[in-house]
Structure formats: structure tokens, C-alpha cells
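What follows is a set of notes on a single structure, which appears directly below.
Values below: every heavy atom of this structure, side chains too, minus hydrogens, waters and symmetry copies.
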Protein chains: 2
Amino acid sequence: MARKTGSHAEITGPRIRAAALRLFAAEGFAAVSMRRIAAEVGVQAGALYLYTPDKQSLLFELMKEHLDAVWEAWQAEDEGGDPVARLERFARFHIRFHLERPEAVFIAYMELRNLEPENFAVIEGLRGRYETALEDILKDGRETGAFDIPDTKLAAMAIIAMLTGVTTWYREGGRLGRADVAEIYAGMALGAVRGRTGA
Amino acid sequence: MARKTGSHAEITGPRIRAAALRLFAAEGFAAVSMRRIAAEVGVQAGALYLYTPDKQSLLFELMKEHLDAVWEAWQAEDEGGDPVARLERFARFHIRFHLERPEAVFIAYMELRNLEPENFAVIEGLRGRYETALEDILKDGRETGAFDIPDTKLAAMAIIAMLTGVTTWYREGGRLGRADVAEIYAGMALGAVRGRTGA
DNA sequence: TCTGGTATTGAACGTATGTTCAGTTAAAAT
DNA sequence: ATTTTAACTGAACATACGTTCAATACCAGA
């Protein structure tokens, strides 16, 4: 049944997910109890079950939301074309997007083991889809001769690991701004796959 | 008190650490109970406390052992000299070492949040020491003009993340052997920091 | 065979967990 | 003012946790 804007129910659901996101990222899925999440929202533990069937679903939905968001954002950003420009665009996009959502990134990469098998399969599929998008760029660039890489799958995994790693050390207000970081990482990603002779 | 070789006590301690390593890596520190570790060793939970003061120390010691081992192995391998050759050596070493100990790597990078503050500080120090070793190579290469990198700290973090990421996808008996993988990663790491004009 | 001491058990302690649900509150609908 | 409905509480359930410790099993040395 549709309800009026601003009803309590429409506010509490997101607040629960936000609290879970923060706590899971900071302390880990297994270390955070439903009672702690409830306390963060200002509610009793039982009330959470009006918004999620169980703790597992809470984790799964946070991951799925994040991976869907990454995918959709890249689909909107990708313009195709020259592989070199496209890879640079991908790297900048990935850095920017991940720096904006460090908590979701953390969870999506660290809590995979806490997913039940069926949920794990879904999340792995979403991850694979994104990784394949990068690999397709690399394949394209190898065909045009812009990239010199023996194995596109390995190169895709290496680049994603390098870029995603930014969330482990970057802190707001530090020596480098986000734009600087994106710039430098894009250069390193390109350098890692470019042939010695340039494009 | 020194005891004879092969006594039960000298065997059980390592067996507990081995079981903890395997279980922590597979399911996470918080998700593994002392009773499960004990069962894996074939002993009751109470017996574990003859070999470790508590669960936290078990985690801390596994991490410390690993990071000490990485450090010592690299100290033995490093020959100094030309930054390009030295970085290539570092990359090959890092890949090889990490592929041989995927479980310890996993724990050392994923269970940091489950360390108590004092233990965390120690582990972070050991990690920093290793990262600084890489950064020193990069600084050296920037001075000689071999590397073109705006920020050596960032570049060190990026390279380590890229290399360490190998453990997330590499599986024994797959398409590529360890030597192939080390070779390719070393090439990518060098490419990421080399200037456009070569050495 | 007896003795000394180490290795281990098994039960217990207090606390925390995820989840359920009968009952209460509060607000919207009539 | 009365009914309906959704939101939430608070207590309870069964189970599991890390850790301790008196009691026991085991084995080397005498």
C-alpha cells in the first residue's frame, strides 16, 4: 500500500541500512549485533525485523546496492571509443566513485565470506560484470596495439586491485586531494598496460 | 624448561596456530570459535589456553609471524643497486611470497579491525616498515630519473595493492603458473612507474 | 611399582547472540 | 469519537560464546 511522503516507515528503513553500513564497515559483519544496529537507530532490536527478514539480508542488500550503483554509474559514464582514453576515464571514475563510498567498498570486498552461498553467487556475478567491463577495454586496446599485456584477465584484476586499494590509505584533508589522487592513479594504470613505445 | 624433541607440547602449539590460520582465513576471526579451533586440533577448548593466553593473542601472533617473515625474506633477497632491477626483484618477490602464503596474507590484510589498539599499533608498524622499503626504492628511482612518479608514498601503496591482489583470484593449477604471474605483475609494476621515455 | 608433574578433560560461569511474538502505543481514516 | 492499521516494545527462547578450574589421565624417571 502506497503511503504519504515522510512517513516513519519510509525513513526508518534507510536509517537502518545506513547504520548497518557504518557499523559493518568499522567493525565487521560478524562483530556487530542486531542490538547495536538498533541502538544506533534509536529503536529496539525487534523493530529491525519490520524492515529486513534477517541480518544476512541486510548485508546482502548493502552489497548488492553498492555493486548495482557502481555498474550503473559506469554505464552512464562510459563513452566507448579510444581504449587509452577509455581506460583513463575508467580509472578516474573508479577512484572518484570509490573515494565517495569507502564504507560500501570495504564491505563489498571484505564481507564476502559472510554471505550465504546463494547470495555469494549473486554478488560474485555483479563483481564479475564490472571486472569484465574493464577487461573489455583492455582487450580492445590490445587489438589496436595501444596496450601491451599478455593476459587481459590478469591485467584487469591487477588494475582493479591497485585502484580499489586507494580506500585503505586515503584520508580526507590529507596531503593530496581527490582530483590529484585520481590523476596519479590514472597515469599509473595507463603506464601498467601501455607498450614501451606509447600509443 | 627445555623438553625432549617431539614432545606433545612442542607439537600441539604449532598445530593450534595452523588450525587457527586456516579457519580465520576461511571464515574470519569473529566467526570462528575457540571450540572450533580446538575440534580441528582434536582437543577440548580449555586445552587451547595452555598455549595461548586468549583468542586475541592467537590472531596477533599469526599476523606478527607473517609480517616478520615477509620482512626477513625481503631483507635476505634485496641486493640494492639499480632501482629498476630492484623494483622488478621486489615485485617478483612479493608475488612469489604471497602466493605461497595466501591464508596469512588474507588474515594480515582483513583482520586488522579485530586487533586491540596496542596490537593494532604493532602490526601497523610492521606493515609500514615493509611499505617504506618499497617506497625507498621508488624514491631512489625518482632521483636517478628512472621513475616518473609525482608521489612516492601513493605509488608504493598502489603497487603493493596491485601485487597483493593476486591472492584474490589466483588458483593453483589454473591457466597461468606462478612464474608467469610473477613475470607479468613485475612488468606491470615497472610500467606503472616508469617514465614514458624508458630508463 | 610408585611418584611427580605435565597435558587434558568436562563442566560450569556469566554474558551475548539472532530471532519471535503477544501486547502496547500512536496516529491516521472514517 | 470510534475504528483500523502500522510501528514499536520488551521479554522470552534456544543457543553459542570466551574463559576458568577442579578433577583426571597419562607418562617419564626413580
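Near DNA chain C, defined here as any heavy-atom distance below 4.0 Å, the residues from residues 22-37 of chain A are V32(A), S33(A), M34(A), R35(A), listed numerically.
Between Y130(B) and F90(B), the distance separating the two ring centers is shorter than 6.0 angstrom.
If you find the closest nucleotide of DNA chain D to Y49(B) and to G42(A), the one lying nearer the 5' end belongs to G42(A).
OP1 or OP2 of dG10(C) lies within a sub-4.0 Å distance of a side-chain N or O belonging to Q44(B). For the OP1/OP2 pair of dT6(C) and a distance below 4.0 Å, the side-chain nitrogens and oxygens of Y51(B) include no atom meeting the criterion.
You'll find the side chain of K55(A) reaches within 4.5 Å of the side chain of F29(A), heavy atoms only.
Between Q56(A) atom CD and dG18(C) atom C1' the separation is 12 Å, expressed in whole Å. Straight-line distance from the CD1 atom of I11(A) to the C1' atom of dA6(D): 16 Å, rounded to whole Å. Between L58(B) atom CG and dT19(D) atom C1' the separation is 14 Å, expressed in whole Å. Nucleotide dA16(D) holds its P atom 15 Å from the NZ atom of K55(B), rounded to whole Å.
Ion pairing of R194(A) with E88(A) is absent here, as no side-chain N (NZ or NE/NH1/NH2) approaches a carboxylate O to less than 4.0 Å. Electrostatic pairing of R113(A) and E111(B) counts as a salt bridge here, judged by a charged N lying under 4.0 Å from a carboxylate O. Under the 4.0 Å criterion applied to side-chain N and carboxylate O atoms, D82(A) and R89(A) are not assigned as salt-bridge partners.
Rounding to the nearest 0.5 angstrom, the gap separating the CD1 atom in I184(A) from the CD1 atom in I95(A) is 10.0 Å.
A cation-pi arrangement is found for R127(A) relative to Y109(A), the charged atom lying closer than 6.0 Å to the ring centre and inside a 45° cone about the ring normal.
Out of dT19(C), dC8(D), dT9(C), the shortest distance to the side chain of D54(A) is found at dT19(C).
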N/O to N/O distances under 3.5 Å, protein versus nucleotides 21-25 of chain C:
none

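A donor-acceptor pair under 3.5 Å is formed between the side chain of D180(A) and the backbone N or O of G177(A). Between the side chain of E27(A) and the backbone N or O of R22(A) there is no donor-acceptor pair closer than 3.5 Å.
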